[in-house]
Asker: 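One structure, as structure tokens, below. Some questions next.
As a basis for the values below, the full set of heavy atoms in this structure was taken, side chains included, without hydrogen atoms, waters or symmetry mates. Convention: sequence-line order gives letters A, B, ...; per-chain numbering from 1. Bear in mind the structure is a predicted one, so any value in this text is a computation, not a measurement.
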Amino acid sequence: MSASYYITTAIDYTNAPPHLGHAYEKIAADVLARWNRLDGADVFFLTGVDEHGIKIEKAAALQGVTPEEFVGGITPQFVSTWSTLGVQYDRFIRTTDAYHEESVQRAFALLVEQGDIEKARYEGLYCAGCEEFKNERELVDGRCPQHDAVPQNFAEDNYVLRIGKYRERIREHILSHPEFIQPESRRNEVLNLLDTFPDVSVSRQKVRWGISVPGDDSQVIYVWVDALLNYITGVGWGWDDALFSRYWPASVHVVGKDIMKFHCIIWPAILMALELPLPRTIHGHGWVHVGDQKMSKSLGNAVEPNALAARYGADALRYYLMREITYGKDGTYTLEAFKLRVNADLANNLGNALNRTLGMLEKQFAGVVPSDLPAITKELADRVTMVQEQAARHMRQFEIQEALEVIWGLIDAVNKFIDTQAPWALAKAGDMEKLGGVLYGVLESLRAVTILVSPFVPQLAEKMWLQLGISSDLQSQRLKDLAWGGLQSGTQTRKLGPVYPRIEDELAEAGVKKK
RNA sequence: CGCGGAGUAGAGCAGUCCGGUAGCUCGUCGGGCUCAUAACCCGAAGGUCACAGGUUCAAAUCCUGUCUCCGCAACCA
């Protein structure tokens with residue numbers, strides 16, 4: 001029985017369509033899920049959307065539709081975007097799903113019963129125009145900037161989650177589990193916050209669009225309890241015990257660095273109150289900047305991932321984001337860098353290596369894979385083994401960029417091998433045995449490459465696999481199948497042209513602008 | 001003294017935890033090859049590793065201080 005690997009993403013807020021930042025996180029999680037599947041793990045990948053809350057309630061009202069109708073228009077855009085980008089999840093959860101709502105109510109009731117959630121008075125400055133509480137930083141000269149009105153002191157009865165009760169246990173867990181908060185730089189930040197982290201209000205009177213507090217219809221359950229619980233309701237907590245015990249605790253929650261504190265403090269408190277084990281790792285990724293700006297709707301610079309994928313291919317976008325950005329740190333997206341990176345790595349190195357090889361194979365061997373000549377190909381065989389080990393180590397440590405670097409190092413080695421062995425000269429000299437050995441070495445290396453890159457650029461890998469003519473399914477391949485010699489001589493390849501054509505447009509212009 | 005991140009070749013970045021020839025991609029220059037998607041291979045030029053001190057035989061890396069830029073800052077997925 002293989003080890004389980006349960007990976008989740010943050011659930012996106014459906015008050016606006018998906019942008020590049022949403023896509024980055026889902027792609028990263030998808031790559032990790034696919035890699036671990038390749039590594040033989042029993043993988044469950046959960047993603048989804050948060051459809052509740054005041055912002056959606058308001059956005060819907062603005063358009064004169066119900067919240068249900070509103071999210072009914074947005075959520076499918078997330079679903080179709082992930083489909084376009086090859087994000088292959090096992091479940092897509094919506095916080096309006098019945099199984100989720102019921103389980104959240106059950107959890108809430110349990111926590112109230114145990115005294116982890118208590119009723120308390122919430123006081124704040126309330127702006128009637130915005131219909132929400134304001135904190136002092138949001139005010140200009142004590143007035144709400146949107147409505148130029150002085151907010152009123154207002155109090156309501158709320159339900160409050162007693163974080164303090166679990167503070168020491170959480171601290172202890174963080175200190176004794178170095179892998180719990182990743183990257184490490186986030187750890188101290190969370191530990192700092194933990195000391196002063198207050199009890200949090202987990203219900204709202206003013207909000208209608210949400211899950212009702214059990215036994216108190218005057219309030220809805222607030223985002224922290226509602227949304228965070230998706231990680232357990234999504235794998236069957238409260239409705240499918242077998243599924244739940246198979247996958248919980250999660251291997252990793254992939255989230256943005258901004259919401260690390262909620263995942264590292266509130267979520268553990270809830271889990272401890274429910275007497276459930278904590279996830280192994282919470283991993284905070286950085287932001288994707290556009291040019292030199294932070295991507296945001298107000299700046300109007302949000303990049304639409306569907307358009308990019310439609311024009312240049314989903315794999316190009318996946319590859320760029322994973323290769324160009326150090327996972328865990330902030331990174332930058334520019335169309336120029338995107339084209340350069342994709343052309344160099346996908347077209348020139350990866351695609352061309354296969355194409356040039358199949359060309360020779362077709363001419364000299366009618367496209368049929370010849371026999372290995374171990375004396376010549378040993379260096380490649382050794383390289384494949386080394387790359388596989390290094391890549392696996394990097395992926396275990398969430399070093400996606402480094403993993404790609406070593407895999408592409410193998411492609412470089414293949415191209416170099418071709419130049420050094422000069423198969424065209426062997427053909428001219430009529431040394432068919434050696435020529436066959438050289439080509440075998442290259443093809444077998446490319447089979448390994450195809451498997452290794454499949455989690456990152458799945459569609460491209462499928463195209464390569466098809467051209468290699470291997471009958472077994474690429475998705476069924478595992479890391480252990482990389483063992484040298486897996487490619488059978490006699491296999492009929494299928495040369496179908498470049499797997500990734502170069503992006504030619506605007507390149508010259510971009511080169512000039514770089515000065 | 002709120003918290004945190006960043007400052008490394010023309011550009012974009014890695015390396016900093018565990019001190020010891022400063023690396024990658026693109027660009028530039030020169031050479032090779034011609035199987036291939038004007039792709040591939042080899043070589044070269046180019047860096048006071050923000051600044052100032054300190055520790056050390058040795059510091060981009062550790063310590064102290066300073067400057068600049070950027071996020072976050074109690075309910076904003």
Side-chain angles (χ1 to χ4, degrees), chain A residues 9-15 21-22 25 49-50 53-55 122 124 132-133 135-138 183-186 188-190 192-193 196-202 204 222-224 227-228 230 255-263 266 286-287 289 292-294 323-326 328-332 334 336-337 339-341 343-364 399 401-402 405 408-409 411-412 414-428 435 438-439 442 495 497-504 510-511 513-515:
Chain A
T9 69
I11 51 177
D12 297 312
Y13 200 58
T14 49
N15 65 340
H22 296 114
E25 176 177 298
V49 285
D50 176 9
I54 186 76
K55 284 192 176 170
Y122 181 87
E132 65 186 14
F133 285 97
N135 59 59
E136 286 173 24
R137 277 187 317 108
E138 291 176 294
E184 203 184 327
S185 56
R186 300 275 154 227
N188 293 332
E189 201 174 349
V190 171
N192 260 324
L193 286 166
T196 54
F197 206 86
D199 292 342
V200 288
S201 162
V202 292
R204 284 295 128 97
Y222 199 52
V223 59
W224 306 123
L228 285 169
N230 96 86
V255 300
K257 63 181 183 181
D258 56 326
I259 54 174
M260 282 298 275
K261 58 189 173 199
F262 306 122
H263 283 76
I266 299 179
W287 301 130
H289 297 269
D292 53 2
Q293 293 176 312
K294 184 183 170 179
R323 181 60 183 58
E324 196 79 2
I325 299 171
T326 305
K329 291 191 183 182
D330 287 0
T332 306
T334 67
E336 181 184 296
K339 288 177 181 174
L340 285 170
R341 170 62 73 184
N343 270 346
D345 293 359
L346 298 187
N348 297 352
N349 289 341
L350 178 63
N352 187 49
L354 179 68
N355 201 44
R356 66 193 298 209
T357 307
L358 290 182
M360 285 183 276
L361 191 69
E362 191 164 73
K363 215 170 291 176
Q364 304 300 334
E399 294 165 348
Q401 185 187 44
E402 285 87 341
E405 257 176 60
W408 252 258
I411 299 166
D412 287 343
V414 167
N415 274 318
K416 188 170 184 169
F417 180 80
I418 295 172
D419 275 56
T420 309
Q421 297 294 334
W424 47 90
L426 293 173
K428 220 168 263 177
L435 173 61
V438 168
L439 291 182
V442 171
K495 187 171 190 293
V499 291
Y500 193 87
R502 286 174 59 83
I503 303 168
E504 299 291 356
K513 267 193 301 193
K514 276 191 83 177
K515 72 181 171 207

Asker: Expressed as a whole number of Å, how far does the P atom of B:C69 sit from that of B:A74?
Answerer: 23 Å
Asker: What nucleic acid atoms does A:Tyr500 come within less than 4.0 Å of, heavy atoms only: base, sugar-phosphate, or nothing?
Answerer: base
Asker: Does the side chain of A:Lys329 get closer than 4.0 angstrom to OP1 or OP2 of B:A14 through an N or O atom?
Answerer: yes
Asker: Measure the shortest side-chain to side-chain distance between A:Glu324 and A:Thr332 over non-hydrogen atoms and say whether it is less than 4.5 angstrom.
Answerer: no
Asker: Hey, is the main chain of A:Ile503 close enough, under 3.5 Å, to the side chain of A:Asn343 for a donor-acceptor pair?
Answerer: yes
Asker: Using a 4.0 Å heavy-atom cut-off across all strands, classify A:Asp12 as base, sugar-phosphate, or nothing.
Answerer: sugar-phosphate
Asker: Is the side chain of A:Thr14 donor-acceptor paired with the backbone N or O of A:Asp50 at a distance under 3.5 Å, no angle test?
Answerer: yes
Asker: Classify the nucleic acid contact of A:Pro501 as base, sugar-phosphate or nothing, counting any heavy atom under 4.0 Å across all strands shown.
Answerer: base
Asker: Looking only at atom types and distance, does a side-chain atom of A:Glu25 sit under 3.5 Å from a main-chain N or O of A:Ala10, one as donor and one as acceptor?
Answerer: yes
Asker: In whole angstrom, give me the gap between the P atoms of B:C35 and B:A9.
Answerer: 41 Å
Asker: Say you draw a straight line from CG of A:Asn415 to CZ of A:Arg356; how long is it, rounded to the nearest 0.5 Å?
Answerer: 5.0 Å
Asker: Pick the nucleotide of RNA chain B nearest each of A:Ala10 and A:Asp412; which residue has the one closer to the 5' end?
Answerer: A:Asp412
Asker: Identify which nucleotide among B:G71, B:C24, B:C33 has an atom closest to any side-chain atom of A:Trp424, counting heavy atoms from C-beta outward.
Answerer: B:C33
Asker: For A:Val255, answer base if it contacts any base atom (sugar-phosphate contacts may also be present), sugar-phosphate if it contacts only those atoms, and nothing otherwise; contact means non-hydrogen atoms under 4.0 Å.
Answerer: nothing
Asker: Between residues 347-356 of chain A and RNA chain B, which residues have a heavy-atom gap below 4.0 Å?
Answerer: A:Ala347, A:Asn348, A:Asn349, A:Gly351, A:Asn352, A:Asn355, A:Arg356
Asker: State which residue, out of A:Leu350, A:Asn352, A:Leu354, fulfils the side-chain contact (heavy atoms from CB on, under 4.5 Å) condition with A:Ile411.
Answerer: A:Leu350
Asker: Expressed in whole Å, how much space separates the C1' atoms belonging to B:C62 and B:C17?
Answerer: 11 Å
Asker: Would you indicate, yes or no, if B:C35 has its OP1 or OP2 atom less than 4.0 angstrom from a side-chain nitrogen or oxygen of A:Thr357?
Answerer: no
Asker: Distance between the P atoms of B:G23 and B:A44, in whole angstroms?
Answerer: 12 Å
Asker: Picking from B:U37, B:A77, B:G4, which would you name as closest to the side chain of A:Arg186?
Answerer: B:G4
Asker: Please state the C1' separation for the pair B:G7 and B:A14 - nearest whole angstrom.
Answerer: 15 Å
Asker: Report yes if the side chains of A:Arg204 and A:Ile54 come closer than 4.5 Å at any heavy-atom pair, otherwise no.
Answerer: no
Asker: Near RNA chain B, under 4.0 Å by heavy atom, which residues of residues 414-422 of chain A?
Answerer: A:Asn415, A:Lys416, A:Asp419
Asker: When rounded to the nearest Å, what value does the distance between C1' atoms of B:A58 and B:A39 take?
Answerer: 45 Å
Asker: Could you pull out the closest heavy-atom pair between A:Trp408 and A:Leu346, with the gap in Å?
Answerer: CZ2-CD2, 3.8 Å
Asker: A:Gln401 side chain to A:Arg323 main-chain N or O, any donor-acceptor pair under 3.5 Å?
Answerer: yes
Asker: Is A:Thr326 near enough to B:A14 that one of its side-chain N or O atoms lies under 4.0 angstrom from OP1 or OP2?
Answerer: yes
Asker: Would you measure the distance from the P atom in B:U25 across to the matching atom in B:C41 and give it in whole Å?
Answerer: 10 Å
Asker: Tell me the stems RNA chain B sits in, counting at least three consecutive Watson-Crick or G-U wobble pairs, each under 3.5 Å on both distances.
Answerer: B:2-7 with B:67-72, B:10-13 with B:23-26, B:28-32 with B:40-44, B:50-54 with B:62-66
Asker: Work out which heavy atom in A:Pro501 is nearest to a heavy atom in A:Ala347; give both atom names and the distance.
Answerer: C-CB, 4.3 Å
Asker: Of the candidate nucleotides B:C13, B:A77, B:G71, which contains the atom at the shortest distance from the side chain of A:Trp224?
Answerer: B:A77
Asker: When the distance from CH2 of A:Trp287 to P of B:A6 is rounded to whole Å, what number comes out?
Answerer: 16 Å
Asker: Among the candidates B:C75, B:A14, B:C3, find the nucleotide nearest to the side-chain atoms of A:Glu189.
Answerer: B:C3
Asker: Could you state the atom-to-atom distance from CD of A:Glu336 to C1' of B:C26 in whole Å?
Answerer: 9 Å
Asker: Any side-chain heavy atom of A:Phe417 sitting closer than 4.5 Å to one from A:Val442?
Answerer: yes
Asker: For B:G15 versus B:G20, give the span between their P atoms, rounded off to a whole number of Å.
Answerer: 14 Å
Asker: How many whole angstroms separate atom CD1 of A:Ile259 from atom P of B:C75?
Answerer: 16 Å
Asker: Report, as yes or no, whether the 6.0 Å neighbourhood of atom NZ on A:Lys416 holds more than 12 heavy atoms from other residues, nucleotides or ligands.
Answerer: no
Asker: Between A:Arg502 and B:A39, is there a side-chain N or O to OP1/OP2 distance below 4.0 Å?
Answerer: yes
Asker: Give the nucleotide from the list B:C41, B:C35, B:A77 with an atom nearest to the side chain of A:His263.
Answerer: B:A77
Asker: Between CD1 of A:Ile325 and CH2 of A:Trp287, what distance do you get to the nearest 0.5 Å?
Answerer: 12.0 Å
Asker: Is there a side-chain contact between A:Glu399 and A:Thr326, using heavy atoms and a 4.5 Å cut-off?
Answerer: no
